[in-house]
2 protein chains.
Amino acid sequence: MKAEIARSEILAAAAGMMRQVGYSDMSLRDLATQVNMKAGSLYYHFASKDELVTEVMRIGVEAVEAAVRSGLDEHPSASPQERIMAAVTVHLDTLLKRSDFVSSHIRCYPFVPVPVRERLREVRRSYDQLWLSLIRAYLGPEASTDDVRYLRQVLIGALNGTLEWFNPERDSVTEYARRIETFLLPQKPR
Amino acid sequence: MKAEIARSEILAAAAGMMRQVGYSDMSLRDLATQVNMKAGSLYYHFASKDELVTEVMRIGVEAVEAAVRSGLDEHPSASPQERIMAAVTVHLDTLLKRSDFVSSHIRCYPFVPVPVRERLREVRRSYDQLWLSLIRAYLGPEASTDDVRYLRQVLIGALNGTLEWFNPERDSVTEYARRIETFLLPQKPR
DNA sequence: GTCTATAGACGGATAGAC
DNA sequence: GTCTATCCGTCTATAGAC
């Protein structure tokens, strides 16, 4: 019981540190300090740093995917465009306001050791597929594979790029989402 | 003379390593090995690791900005939309095929020490201004500050996001640029 | 479960020979 | 200009006491 609580605290603190300072500069000493422990104690809960890091990042993807799916479920009769916009809003909201797990995943993924990346392949692929299906539905059956792939990359780029400039005290998620709709999804597939 | 050559070699190797492994995991020992030197010798050319890193990243921004400006100068009578697309193409091309300096800048900036980020503020601001003026010209004088800012962020996000998926052997820069135009800049400002 | 203590590797940086 | 040699700090990880 107590182990589960401590484990959760460690994961949450790790997510915050990873987002801020990156994979390599998150030291287990600093992490332990932040949860009122000593570095060695962390090894009771995790076999290694990479095990811990993998877990943080895995929680991140699963969190956005779950949030987006449940957001979509709330509006079962939405049009393809409305569904994309719902996904955009929930993704942004989770990324920017709710979850260090998501933002640490996005920021750290490029620099994390290869074995960690490999262990995350499946969860990432699953979330990718969700977006591809949303975009396929929006562009319609006559769209090419590249149409779908490239629109997905433009969208994800615009969403995840917020990590480098969005200031929750100045900017509004719904405002930015509205611009994305105006700029990217005027009204009908072209 | 010889110093200048060695210095350039070091910078180029550092850019490649930074792009691949990030700021913290680029060790001066590894860097030195790659240019057939010993770690201590690097200090003849640079006062510190952060000095070297700052220089790599400074070269990066200045390189894209110069490339984009010269690309724009080639078509003086282009429309605002054509000018944005010229900038998009050159930015992508520089980022993806020509310069480890640019990609290392984009990838490492979030995790580099604060003093390094501060020393890069001016060059980054200068490149930002270029994009803002291009977008202002495209959206027209009746567009709000937020219209301009947000479109800029969508664009830059879509461009720099390529770093995480673009495969030069599979994908084409002009192809992706064309999609950006279709998706984002249909024909007229809205 | 968490601690102390420490092993063992590797990091940036410096001094002085050549 | 580049090298050798080294200082000193920090890192992940482990062993064993409590």
Side-chain angles (χ1 to χ4, degrees), chain A residues 1-58 104 107-108 111-119, chain B residues 1-58 104 107-108 111-119:
Chain A
M1 258 327 67
K2 199 176 170 195
E4 286 307 313
I5 295 173
R7 189 185 149 94
S8 303
E9 265 182 46
I10 295 167
L11 286 166
M17 291 185 60
M18 283 172 63
R19 181 184 68 76
Q20 261 198 340
V21 303
Y23 166 79
S24 306
D25 287 351
M26 177 196 71
S27 81
L28 299 184
R29 278 176 169 79
D30 291 351
L31 173 58
T33 301
Q34 207 162 325
V35 294
N36 298 310
M37 282 187 181
K38 303 297 172 179
S41 313
L42 298 174
Y43 285 83
Y44 177 80
H45 301 278
F46 301 93
S48 69
K49 178 179 182 178
D50 285 357
E51 191 100 355
L52 163 60
V53 164
T54 307
E55 185 63 3
V56 167
M57 295 175 73
R58 198 188 51 71
S104 63
R107 277 201 158 173
C108 295
F111 298 123
V112 122
V114 173
V116 175
R117 285 211 289 270
E118 275 169 3
R119 293 179 59 193
Chain B
M1 257 328 68
K2 198 175 169 195
E4 287 307 313
I5 295 173
R7 190 185 150 93
S8 303
E9 267 182 44
I10 294 168
L11 286 167
M17 291 186 59
M18 283 171 64
R19 181 183 68 76
Q20 261 200 340
V21 303
Y23 166 79
S24 306
D25 287 351
M26 179 197 68
S27 81
L28 298 185
R29 281 175 167 78
D30 290 350
L31 173 58
T33 301
Q34 205 162 325
V35 295
N36 299 309
M37 282 186 180
K38 302 297 171 179
S41 312
L42 297 174
Y43 285 83
Y44 176 79
H45 302 278
F46 300 93
S48 70
K49 178 179 181 177
D50 284 357
E51 191 100 355
L52 163 59
V53 163
T54 307
E55 184 64 1
V56 166
M57 295 174 73
R58 198 189 50 72
S104 63
R107 278 201 158 173
C108 296
F111 298 122
V112 123
V114 173
V116 174
R117 284 212 288 271
E118 275 169 2
R119 292 179 59 193

message: Looking only at the side chain of A:S27 (C-beta and beyond, no hydrogens), which of the listed nucleotides D:dG1, D:dC11, C:dC3 gets closest?
response: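 Out of D:dG1, D:dC11, C:dC3, the nucleotide with an atom closest to A:S27's side chain is D:dC11.
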- prompt: For the side chain of B:H45, counting heavy atoms from C-beta on, which of D:dT2, C:dC3, C:dT2 is nearest?
  reply: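 Selected nucleotide: D:dT2.
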Could you tell me the separation between the [atom1] atom of [X] and the [atom2] atom of [N], rounded to a whole number of Å?
X: B:K49; N: C:dG12; atom1: NZ; atom2: P; result: 4 Å
X: A:F46; N: C:dT2; atom1: CZ; atom2: P; result: 12 Å
X: B:R29; N: D:dC11; atom1: CZ; atom2: P; result: 16 Å
X: B:L28; N: D:dC7; atom1: CG; atom2: C1'; result: 16 Å
X: B:M26; N: C:dG12; atom1: CE; atom2: C1'; result: 11 Å
X: B:M37; N: D:dC3; atom1: CE; atom2: P; result: 7 Å
X: B:E9; N: D:dG1; atom1: CD; atom2: C1'; result: 13 Å
X: B:M17; N: C:dG11; atom1: CE; atom2: C1'; result: 13 Å

Would you list the atom pairs, donor with acceptor, under 3.5 Å between side chains in residues 38-49 of chain B and any protein atom, with sequence neighbours excluded?
| unit_1 | atom_1 | unit_2 | atom_2 | d |
| --- | --- | --- | --- | --- |
| B:S41 | OG | B:K38 | O | 3.3 |
| B:S48 | OG | B:D50 | N | 3.4 |
| B:S48 | OG | B:E51 | N | 3.1 |
| B:K49 | NZ | B:Y23 | O | 3.0 |
| B:K49 | NZ | B:M26 | O | 3.0 |

- request: Report yes if a side-chain nitrogen or oxygen of B:S41 is closer than 4.0 Å to either non-bridging phosphate oxygen (OP1 or OP2) of D:dG1; otherwise report no.
  value: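 Checking B:S41 against D:dG1: no side-chain N or O falls below 4.0 Å of OP1 or OP2.
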- request: Examine C:dA13: is either OP1 or OP2 under 4.0 Å from a nitrogen or oxygen in the side chain of B:Y43? Give yes or no.
  value: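 Answer yes for this pair, as a side-chain N or O of B:Y43 is under 4.0 Å from OP1 or OP2.
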With a non-hydrogen cut-off below 4.0 angstrom, is [X] in contact with a base, only sugar-phosphate, or nothing?
X: B:D50; value: nothing
X: B:S48; value: sugar-phosphate
X: B:D25; value: nothing

- prompt: Are any non-hydrogen side-chain atoms of A:R119 and A:M57 less than 4.5 angstrom apart?
  reply: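 In short, these two side chains do not touch, never coming nearer than 4.5 Å.
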task: Side-chain contact test, heavy atoms from C-beta onward, threshold under 4.5 Å: evaluate it for B:L28 versus B:L52 and give yes or no.
output: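 Of all side-chain heavy-atom pairs linking B:L52 with B:L28, at least one is under 4.5 Å.
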- prompt: Looking at A:E9 and A:V35, what are the two nearest heavy atoms and their distance?
  reply: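 Scanning both residues completely, I find the closest heavy atoms to be O-CG1, 3.8 Å.
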- prompt: With distance as the sole test, does B:R107 use its side chain to make a donor-acceptor pair with the main-chain N or O of B:G22 at under 3.5 Å?
  reply: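 Looks like no, no N/O pair under 3.5 Å.
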